Structure formats: structure tokens, C-alpha cells
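Quick caveat, the model's predicted, so the values are computed rather than measured. Throughout, numbering of the chain's residues begins at 1 and tracks the sequence.
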Amino acid sequence: MAETENMNSESSAGAALAKRAAGLPQSSTVAIADLAAALRRQDTAVVDFSAGRAAEASPDSVCRAAAEAMARGETHQTPARGRTDYLQAVAAKLSRDNGLELAADRHVIATLGCKQGLVLALFSCLDPGDEVIIEDPCFVSYEPTIRLAGGVPVRVPLRPQNHYRWSAGDLAAAVSDKTKAMLFCSPHNPTGTVHSGRDLQIIADFAISHDLVVIADEIYEAVAWGGRKHIPLAGLPGMQSRTIGLMGLTKTYSMGGWRIGYAYSSQPIIDTMVVLQQHLMTCAGSFTQAGAAAALSASQTEAMAPLWQDWQERCHYLTTALNDIPALRAAMPEGGFYAWVDIADTGLDSMAFSQRLLSDRHVAVVPGRAFGEASDRYVRATCVRSWDELREGVRRIGEFAAAL
Ligand code: PMP
């Protein structure tokens, strides 16, 4: 009886849910990770290429810097904009590595990761019904976050024949009198595209001619391969005032659990994001900012270089090995750390491929359709797992494909 009452009260609670919250799709990345976790609980050795994180833990010296800040009692709220030492480390890093001259006290804000930077960016520039041009395929959280902020996402394809870049023609076809902003990612998750100056100029010209804000997700900026270097859109003439750059330490410093990142833009936009931060989250964590300041120092960035170099080799290994499997096609990413694998020749769609690979051979990858319905012939595999996992994963995927 009590159970029936419980169930009834649970289902009537469902009626209380807001449509915009209840209607949100679960992230497919999370769904596959949950399945993998369930297998692990049964002591199955899963090779996890699904989660977008490296095998390494956060750097020791960075952990020590955060622990020392805690021990000094730096455990209280910081200003909403962030700690001065962190903001200064961010401004110094943006100048040193990205050629952007920004003021620590005006042009940057500490965020709780790149995702939260995106929330602040969208809430600071969108009115209800404003359209935001996004890439297709794109990171799974863009569409839901834009919708929560009252905006309308408009997908513009990244065509393989255009090397996964927007074309001026496709952008022109997508713009309307409601378009307010564009959101793009370079180095790109999931396709691995790194925008050249020419690619960026197409975006800049378009944004200027239609008076748009551009949100640039630059979370993978430190990992561009083959001698490429990330170029920030904000550095192009006329773009600093209309670009919101989002960066973070989750990926390149293996600091995903810290929830720390930063955003930079013009003073009016950052000041607005600071007010939003006061109400939404108060501030990023005090000792996490202290650790992140240490991570962004010149010496720590230099200390990361050999690891990032090894990641390049892991990306090369995994994409080459997968491409050698007859039914699969994969190319070395220009940057970031994912293999974007064409599975069309297997005859399976991306969900069937991912589910069967996980249940039959215990390898987790992300179905391409998580990044957009047009990407159902792809799956995404994270290349920066340990070398042992990579070799074992390749062996199992080869057996899986051969048995299809
Ligand atoms: N943007 C992209 C393109 C990502 O791949 C991710 C992580 N998967 C994020 C943002 C989220 O980053 P953070 O952990 O800093 O919020």
C-alpha cells in the first residue's frame, strides 16, 4: 500500500516538472558511460573510449597549490569575477600563449568550467527567441543550454567535403533577422578541425556584416597537432569586442572534477557575466582557482608539453589503427583528442554500433548522432586513454568489426 502511494506521489510529481526541463534529452555520452559503469560493477573490464578525458590525473604541483591555498584558509567565497591571482594568471596566459592583450580586472572572469562559461555567455547576450547559429555536428550540451537560455539553436552543417568547416554559403542560408549569435568550437569536438586564419576570417566577416556576437569554445586550444597552432578569433581585426572566448582546464590539464575555467570578452559583456555569476553561482571555487592559477603559469604549461606530445602520438596510433580495420575509416584529427570514425561500411547506425560494441566486446564509444542527427554514420572515440587501453581497445574493435 505504502509502495503504491509512493509511486502515485512520484508520478503526480512528474506533472510539476517544467516542460523545458522535462523535455531535455539526456546526454548520450552519459547514457553510454552509465552502461559502461553498470558492466564494470559486474567486474567486466570495459575499455572506455567514450568519456572525453585523458588517462592522466591532474598535475601534482597543481594539486599541491590548491591544497596549500586550503591550508592557508582560503576557503571562502571569492569575488564573483574571480581571485586576483587567478585573473592575473589568466590574462598573462592569454597574452603569452594566445597573443591577446586583456586586462585582468576588466576582460576576464573565472567560471566553473567551460560549460558554465557558456551559460553566462548565453544569458548575457540572448533575449527570448534569439537564434544562435551552431555547428552540426557539435558538442552535446550546446543545444540544451541555448534552449534553457531562451534561445533557438540553428544548426549549420560542417560538411566532410569542406573538411568539417562552415562555408560562407551555408552560413548565409541560415541567418535571419532573429540571429543574435554564433557558437563554434576549435579545435573541434568531435571532428578534430582546427580553424586556420582563413576559416576564422569567414566567421569574422559574417559576424561583422550581420552584427553578431560570437562565442568561441576554445577548451582544446592547447592541443593542436601537426605543427598547427590555435588562433583565437578575438585576435582578428574588429573581433575582440564581439567575441566571447571560453577556455578551461578540464581537458588539457585533466582537471574535469575541479570545475574551473575562464571566459574573456569586452568589458560590458564580462561585467554582465559577473553580475549573472553573483546571482547564479556566487563564484568559482576559491582553492580551485588557486590551483588553476598554478596550472596556467609559464613553467607548468611548459611542464605539460611532453604529455601533450604523447597525446598527439596516441591520437595518431588510434586513428591509424582504426583506419586499418577494413570497415572503418578514421583520420588523424587536426587537434583535440578524438577519433571521428566513419562506420557506414559496417551497415550499422551509430547507436546500434555503440551498443553492440559495448555489450559484445566491452568497448565504449559515443554514437555520432549524439552530436547531431546527421552524424549517424560516425562514432567518437577518445584517443588519450593509456597506451595499454588503446592497444586492447583496438584489438577488441578489430574482432568486433570482423565478426559483423
Ligand atoms: N566544450 C567542449 C567542446 C567540450 O568537449 C567540453 C567537455 N566535454 C566542454 C565544453 C565542457 O568543459 P568543462 O568541463 O570545462 O565545463
Side-chain angles (χ1 to χ4, degrees), residues 16-24 27 66 69-70 74-91 94 102-132 134 139 141-153 180-183 212-219 234 241-250 255-293:
L17 293 174
K19 284 193 204 69
R20 75 171 167 214
L24 284 179
S27 152
M70 271 183 111
E74 292 166 14
T75 54
H76 302 285
Q77 296 94 325
T78 76
R81 191 182 295 272
R83 288 169 61 125
T84 303
D85 56 353
Y86 181 49
L87 299 175
Q88 283 172 347
V90 166
L94 289 171
L102 299 166
D105 57 348
R106 284 180 289 136
H107 300 136
V108 294
I109 178 173
T111 63
L112 289 89
C114 186
K115 268 187 197 172
Q116 201 253 338
L118 179 62
V119 172
L120 297 177
L122 292 169
F123 274 85
S124 69
C125 67
L126 291 189
D127 283 313
D130 282 347
E131 292 178 1
V132 183
I134 58 173
F139 176 48
S141 294
Y142 291 164
E143 257 204 54
T145 313
I146 291 167
R147 288 195 196 283
L148 285 173
V152 180
K180 180 68 191 292
M182 308 165 79
L183 164 58
L212 307 178
V213 175
V214 190
I215 302 172
D217 183 337
E218 304 179 278
I219 191 160
S241 60
R242 62 173 72 245
T243 302
I244 306 177
L246 305 178
M247 294 198 180
L249 292 95
T250 289
M255 290 169 64
W258 295 55
R259 309 313 307 135
I260 186 70
Y262 49 100
Y264 63 90
S265 190
S266 64
Q267 183 170 5
I269 292 178
I270 292 296
D271 284 352
T272 306
M273 289 169 74
V274 169
V275 175
L276 286 163
Q277 189 70 304
Q278 289 168 358
H279 297 296
L280 288 174
M281 312 301 282
T282 305
C283 60
S286 53
F287 43 89
T288 51
Q289 290 183 61

Any salt bridge (charged side-chain N to carboxylate O under 4.0 Å, His left out) involving residues 265-281? Give me the pairs, sequence neighbours left out, ordered by first then second residue.
-> R81-D271

Once you round to the nearest 0.5 Å, how far does OH of Y264 lie from NE2 of H107?
-> 12.5 Å

Tightest non-hydrogen contact, residues Y262 and G248, listed as CE2-N, 4.4 Å

Heavy-atom pair of closest approach, residues S266 and S241 | OG-O, 3.6 Å

Might you point out which heavy atoms bring I244 and S124 nearest each other, and give the distance in Å?
-> CD1-OG, 4.4 Å

Is I219 close to L246 at the side-chain level, that is, under 4.5 Å between some pair of heavy atoms?
-> no

Find out whether C125 and I269 are in side-chain contact, i.e. whether some heavy atom of one side chain is under 4.5 Å from a heavy atom of the other.
-> no

Please name all residues satisfying side chain to side chain contact (heavy atoms under 4.5 Å, CB included) with A80, sequence neighbours left out, ordered by chain then number.
-> V274, Q277, Q278

Atom pair CG/CD of L276 and Q116 - distance to nearest 0.5 Å = 9.5 Å

Less than 4.5 Å apart, any side-chain heavy atom of L94 and any of M247?
-> yes

Rounded distance (nearest 0.5 Å) linking atom NZ of K19 with atom CG of L24 | 13.5 Å

Any sub-3.5 Å donor-acceptor pair from Q289's side-chain atoms to Y86's backbone N or O?
-> no

Identify the two heavy atoms, one from I260 and one from A292, that lie closest to each other, and give their separation to 0.1 Å.
-> CG1-CB, 3.7 Å

What closest approach, in Å, do W258 and G291 show between heavy atoms, and which atom pair accounts for it?
-> CZ3-CA, 3.9 Å

Student check: side-chain heavy atoms of H279 and F123 closer than 4.5 Å | no

Taking every non-hydrogen atom, the tightest pair across A290 and A69 | CB-CB, 3.5 Å

Validation row: R259, T250 side chains within 4.5 angstrom (heavy atoms) = yes

How long is the span from the CG atom in D130 to the CD1 atom in I146, to the nearest 0.5 Å?
-> 11.0 Å

Between the CE atom in M273 and the OG1 atom in T111, the distance rounded to the nearest 0.5 Å is 7.5 Å

Spell out, as yes or no, whether a donor-acceptor pair under 3.5 Å connects the side chain of T145 to the backbone of V119.
-> no

Main-chain N/O of D127 paired with K180 side-chain donor or acceptor, under 3.5 Å = no

With a 4.5 Å heavy-atom cut-off, do V132 and I215 have their side chains touching?
-> no

Atom CD1 in I134, atom OH in Y142: separation rounded to 0.5 Å?
-> 9.0 Å

Answer yes or no: is there a side-chain heavy-atom contact under 4.5 Å between R20 and L148?
-> yes

Is there a donor-acceptor contact under 3.5 Å from the side chain of S265 to the main chain of T243?
-> yes

Check side chain to side chain donor-acceptor pair (under 3.5 Å) between R147 and all other residues, then give those that pass, not counting sequence neighbours.
-> E143

